[in-house]
Amino acid sequence: MAFRASYPAFARHGRTSLWSYLAMALIGALLGGALVLAVAPSVLPTPAPVLLRGTLPNLEPPAAGTDPSSAYPAVTVARTVGPAVVGIIKQVTIQDWFGQRRTQESSGSGVIFDSQGYIATNHHVIAGASQGQVVVILSDGREVPGTVVGSDAATDLAVVKIAPPVPAIAVFGDSDTLKVGEPAFAIGNPMGMAFARTVTAGIISGLDRRVVVGERTFNLIQTDAAINPGNSGGPLVNAHGLVVGINTARLEQVEGMGFAIPINLTRPILQTLIEKGYVARAWLGVRTADRAVAARYGIQFDQGVYVVEAIVGGPAAKAGVRAGDILLSLGGRAVNSGQDLRQAIEVHKIGDSVTLSVVRNRQQLTLTAVLSEMPVQ
């Protein structure tokens with residue numbers, strides 16, 4: 001009885017108290033919200049704008065008459081250097097299995113660097129061209145005959161000339177100021193003229209990379225801008241639209257490793273090729289074999305290179321070097337390979353006298369040779 005009587009009394013008082021609490025809570029919430037609205041702007045940071053439908057907040061429209069795409073370096077490069085990039089078609093006459101002579105074509109790239117129609121490219125792009133003639137495809141669609149002015153296998157550079165006028169001229173920059181990590185763009189004709197003046201973008205990945213191609217060692221710029229077959233001879237360009245290298249090679253086994261000849265090395269070679277048609281280099285006049293090759297023929301020695309031949313009338317022969325000698329050093333630089341010998345010679349000029357240290361019949365001799373100009377091959 002007491003329990004049942006007390007329950008209705010509690011319910012009546014409970015309803016009255018609950019409505020009072022709800023009213024006070026609602027009033028408190030309203031007052032609190034008003035306080036936050038009044039105080040928050042001066043205390044809390046301004047919230048970030050919300051992007052709606054892909055629009056960018058606070059983006060100033062481009063000035064009247066300007067092209068928004070000009071803000072992108074790749075666009076500038078394509079516009080300024082692209083028109084100076086050409087396709088080079090090499091025609092070589094070969095003899096097939098049936099004794100029939102036919103013409104075989106291959107293609108590469110080049111870049112016009114002079115108003116007189118001089119084009120920089122790679123030696124391997126034009127090597128073997130029939131009678132020094134190539135076909136040059138210009139950016140304006142013209143196909144014109146080109147003449148190989150000169151080429152240099154040692155640096156893999158060549159100059160081709162066409163008759164002016166030319167559609168555009170590329171400007172050379174300064175490769176000595178390049179920094180690893182700065183933008184780089186390669187322009188060329190990968191896989192032929194169907195993809196003419198393709199622009200690929202990347203960075204300068206490394207400088208002064210020593211790369212061995214065949215028997216030659218090159219000091220090259222490394223880039224991850226895609227360099228594909230057909231890009232050889234095309235320009236490597238910085239973000240200012242200046243040519244900083246001539247694309248020459250890529251590592252086929254590795255993705256994103258291409259190489260270019262620094263333009264500061266290229267300049268004097270191109271000038272010499274225009275003036276002489278070849279690059280004059282100091283020459284010793286010997287054919288040599290290193291220890292590994294000599295060992296195959298039972299010739300054993302601990303250091304140096306084996307002299308297979310001292311070319312008659314050459315500087316070495318005149319100095320008294322003979323076939324069978326072991327050449328230990330040239331000009332004080334140790335020689336243990338053909339590459340060592342070339343590098344030792346390259347630091348000297350034509351006409352320099354150099355000291356040769358050789359071993360003959362177990363006797364060490366000191367001879368003096370006067371380097372002459374390497375014969376044109």
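FYI, the numbering just counts along the sequence from 1. Side chains included, hydrogens not; waters and symmetry mates left out as well; all remaining heavy atoms used.
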Chemist: Tell me whether Asp325 contacts the main-chain N or O of Arg322 through its side chain, where contact means a donor paired with an acceptor under 3.5 Å.
Modeler: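 At least one qualifying donor-acceptor pair exists.
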Chemist: Asp290 and Asn336: side-chain donor and acceptor closer than 3.5 Å?
Modeler: no
Chemist: Tell me which one of Val166, Ile162, Ile89 satisfies side-chain contact (heavy atoms from CB on, under 4.5 Å) with Val136.
Modeler: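 Exactly one pass, corresponding to Ile162.
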Chemist: Got a donor-acceptor contact below 3.5 angstrom from the Ser175 side chain to the Asn264 backbone?
Modeler: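 Side chain of Ser175 to backbone of Asn264, a donor-acceptor pair under 3.5 Å: yes, one is there.
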Chemist: Checking Asn122 side chain against His124 main chain: does a donor-acceptor pair fall under 3.5 Å?
Modeler: no
Chemist: Heavy-atom distance under 4.5 Å between the side chains of Val358 and Ile326, does that happen here?
Modeler: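 Sidechains of Ile326 and Val358: no contact.
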Chemist: Are Ile187 and Val111 connected in a single hydrophobic cluster, I mean Ile/Leu/Val/Met/Phe/Trp/Tyr linked by side-chain heavy atoms less than 4.5 Å apart?
Modeler: yes
Chemist: Any luck finding a side-chain donor-acceptor pair between Asn247 and Asn231 under 3.5 Å?
Modeler: no
Chemist: Tell me whether the count of non-hydrogen atoms from other residues, nucleotides or ligands lying under 6.0 Å of CG in Asp140 goes above 12.
Modeler: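 Yes - once you tally the heavy atoms of other residues, nucleotides and ligands closer than 6.0 Å, there are more than 12.
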Chemist: Is the side chain of Lys161 donor-acceptor paired with the backbone N or O of Ile119 at a distance under 3.5 Å, no angle test?
Modeler: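 No.
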Chemist: Val335 and side-chain contact (heavy atoms from CB on, under 4.5 Å): which partner among Leu341, Leu328, Ile345?
Modeler: Leu341
Chemist: Report the C-alpha distance between Tyr118 and Gln271 in whole Å, list the side-chain angles of each, state the deciding distance to 0.1 Å, and finish with yes or no for side chain to side chain donor-acceptor pair (under 3.5 Å).
Modeler: CA-CA 10 Å; Tyr118 289 109; Gln271 186 62 39; over 6 Å; no
Chemist: Test your reading of the model: is there a side-chain donor-acceptor pair from Asn238 to the backbone of His240, 3.5 Å cut-off?
Modeler: yes
Chemist: With side-chain contact (heavy atoms from CB on, under 4.5 Å) as the test, pick out the partner of Leu327 among Val305, Val359, Leu367.
Modeler: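 Of the listed residues Val305, Val359, Leu367, the side-chain contact (heavy atoms from CB on, under 4.5 Å) partner of Leu327 is Val305.
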Chemist: Checking the side chain of Thr223 only, and the main-chain atoms of Ala225 only, is there a donor and an acceptor separated by less than 3.5 Å?
Modeler: yes
Chemist: Can a donor-acceptor pair be found, under 3.5 Å and without considering hydrogens, that links the side chain of Gln343 to the backbone of Asp340?
Modeler: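 No; judged by distance alone, with no hydrogens or angles, the pair does not exist.
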Chemist: Between Lys318 and Val312 (side chain of the first, backbone of the second, donor and acceptor by atom type, cut-off under 3.5 Å), is there such a pair?
Modeler: no
Chemist: Using distance alone, with no hydrogens and no angle criterion, decide if Tyr306 and Gln300 have a side-chain donor and acceptor under 3.5 Å apart.
Modeler: no
Chemist: Under the side-chain contact (heavy atoms from CB on, under 4.5 Å) rule, what do Ile126 and Val160 come out as? Steps first, then yes or no, please.
Modeler: CA-CA 9 Å; Ile126 55 84; Val160 172; 4.0 Å; yes
Chemist: Just one of Leu220, Thr155, Asn219 clears the side-chain contact (heavy atoms from CB on, under 4.5 Å) bar with Ile261, so which one?
Modeler: Leu220
Chemist: Determine whether a donor-acceptor pair (N or O, by modelled atom type, separation under 3.5 Å) exists between the side chain of Arg281 and the backbone of Glu346.
Modeler: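 Side chain of Arg281 to backbone of Glu346: no pair is present.
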Chemist: Under 3.5 Å, side chain of Thr121 to main-chain N/O of Ser109, donor-acceptor pair present?
Modeler: yes
